[in-house]
Amino acid sequence: MFLRDLFFFFFIVIGLSSCSNSDLCLSNQHAVQLGFYSARTSTASNDKDSVLTDVSIYGLGKTDSVYESKSINKVFLPLSFANDPDTTSFIIRARDYYDTISFVHSKELDYISGDCGYIFKFSVDTVLFTTLIIDSVAIAYPKINYGEDIENVKVYIY
Amino acid sequence: MEKILKTLKYIFISFICLCITYHVQAQEQLTVAPRRINSIALGLDLSPFIIKGFNNERTGLTLSGRYGLKDKIFAVAELGYENIELAKSRIKSESEQLLSELDYSSNGSFLKAGLDFNIFKVDEPGNNDNVLVGVRYGLAYQEHYSNHFLIGNGYWNDYTGSSNVSSVTSHWFEVVFGLRTELFRNFYLGWGIRSKILLLSQKNDILIPYAVPGMGKVSSGMAFGFNYSIEYQIPFGKKQRNELPVSK
């Protein structure tokens, strides 16, 4: 009888184990992360955050915005999948001033899991920009990898 | 006087119970067939059919063979295949934006070999139940591909693609704990829980197996599984000593 009781126990264990969740998948993992800093108060060893007010950001050639009239000190800008290497450009509008910032990047296909599917890993090679709002930029961490939350580009503003 | 009567009554009842117990034991001993030390059992694992019940993506079949090396040790081999047909899509709930799509197919076979040790100590003759602790080495070969996948962008254009057929060879080690009981003469029912460690996975593509045949879904190099098997033991070989012959 002992073994037959254990058979019953086994079915309970299997029933519980079948309730496991599938993998937790992350989204928006193809965006370059920008932080805004004050060009006037930042020093070589100490960056000072700066908040841009009433900012809108559009992809070049797009009518819908990524951000619309926001106050921001950090943004996530999605990169294009179109070509490799490719350049993804955005227009940053702060009140009546406009700047264009372009990211020259390469990408590599990667696979996460059956539940989460494929993703692209990116590497930001160069950042091009105009200088009405932006003073300078620095690539802090060029890799954009799945599951990482690291600032890629520092943007110093006037 | 009353006390003496009670004592005699107790002794009488005890004597009757003892006689009944002895009689039953004697009957059991007389009707028990001798166990065979050597044995071969062929089995079918029902767990793939159970998995299919709540996970329609996986279809498999596992056959097993068990050879009794000694009274307490079995050599075990398991052979099987698994087919996976997966179609997944993820949608961002608030914007209904398509995040990803994946159609995935895999076909593979596996072989496991190892030993089971019966740790069930039983004095009852004819009780062929087993409590098993065992180890397995597993080897699987599978071919898999994705004929369609989509990476959602959410702002720029989405990316769609497909992957060619690629192969994966996996090696793993299992620790097994299970029970096996003789339901009818020579017919056994058994279950086991298994902890598996992936030793090596050789692949020639970025695609990772959704599940390794015989091992299951692997997470951080580990997998857990179960089996629920029916077995038929083919009677042959030497009979065990010190047991009474069958009474007709």
Undergrad: Just wondering, are more than 12 heavy atoms of other shown residues or ligands nearer than 6.0 Å to NZ in K143(A)?
TA: no
Undergrad: Can you say whether L26(A) sits under 4.5 Å from chain B via the side chain, the backbone, both, or neither, judging by heavy atoms?
TA: backbone
Undergrad: So, taking the atom named CG in N28(A) and the one named CG in L99(B), what distance separates them when rounded to the nearest 0.5 Å?
TA: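 CG of L99(B) is found 9.0 Å from CG of N28(A).
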Undergrad: Decide if atom OH of Y158(A) counts as having more than 12 heavy atoms of other residues, nucleotides or ligands within a radius under 6.0 Å.
TA: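 Yes.
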Undergrad: State the OG-CG distance between S113(A) and L207(B), to the nearest 0.5 angstrom.
TA: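 Here the rounded value is 10.5 Å.
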Undergrad: Counting only heavy atoms not in N157(B), do more than 12 sit closer than 6.0 Å to its CG atom?
TA: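 Atom CG in N157(B) is not packed in, count stays at 12 or less.
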Undergrad: Heavy atoms only: give me the nearest C25(A)-R90(B) pair and the separation to one decimal.
TA: CB-NH1, 3.3 Å
Undergrad: Side chain from CB out, backbone as N, CA, C, O: work out which of these in I208(B) comes under 4.5 Å of a heavy atom of chain A, or both, or neither.
TA: both
Undergrad: Between W156(B) and P78(A) (side chain of the first, backbone of the second, donor and acceptor by atom type, cut-off under 3.5 Å), is there such a pair?
TA: yes
Undergrad: Could you give me the CA-CA distance, side-chain angles and deciding distance for I151(B) and L109(A), then say whether side chain to side chain contact (heavy atoms under 4.5 Å, CB included) is met?
TA: CA-CA 10 Å; I151(B) 307 172; L109(A) 192 65; 3.8 Å; yes
Undergrad: Do other residues, nucleotides or ligands put more than 12 heavy atoms under 6.0 Å from the CG atom of D96(A)?
TA: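 For D96(A), atom CG is not crowded (no more than 12 foreign heavy atoms under 6.0 Å).
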Undergrad: Write down the atom of N153(B), the atom of L79(A), and the distance for their closest heavy-atom approach.
TA: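 So the two residues come closest at ND2-O, 2.9 Å.
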Undergrad: Looking only at heavy atoms, what is the nearest atom pair of C116(A) and S100(B), with distance?
TA: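 Heavy atoms only, the tightest pair is O-OG, 3.6 Å.
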Undergrad: Donor-acceptor pair, Y155(B) side chain versus G59(A) backbone, under 3.5 Å?
TA: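 Yes, Y155(B) side chain to G59(A) backbone: donor-acceptor pair under 3.5 Å.
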Undergrad: Checking heavy atoms, do the side chain of S47(B), its backbone, both or neither come under 4.5 Å from chain A?
TA: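 When you check distances to chain A, no heavy atom of S47(B) falls under 4.5 Å.
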Undergrad: So which atom in D158(B) and which in F81(A) form the shortest heavy-atom distance, rounded to 0.1 Å?
TA: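 Looking at all heavy atoms of both residues, the shortest contact is C-CD1, 4.2 Å.
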Undergrad: Which heavy atom of Y111(A) sits nearest to which heavy atom of I206(B), and what is that distance?
TA: CB-O, 3.5 Å
Undergrad: Tell me whether the count of non-hydrogen atoms from other residues, nucleotides or ligands lying under 6.0 Å of NZ in K62(A) goes above 12.
TA: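 Counting neighbours around NZ of K62(A), more than 12 heavy atoms of other residues, nucleotides or ligands fall under 6.0 Å, so yes.
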Undergrad: How long is the span from the CD1 atom in I119(A) to the OH atom in Y159(B), to the nearest 0.5 Å?
TA: 12.5 Å
Undergrad: Tell me whether Y210(B) contacts the main-chain N or O of D115(A) through its side chain, where contact means a donor paired with an acceptor under 3.5 Å.
TA: no
Undergrad: So which atom in L102(B) and which in G117(A) form the shortest heavy-atom distance, rounded to 0.1 Å?
TA: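 Looking at all heavy atoms of both residues, the shortest contact is CD2-CA, 4.3 Å.
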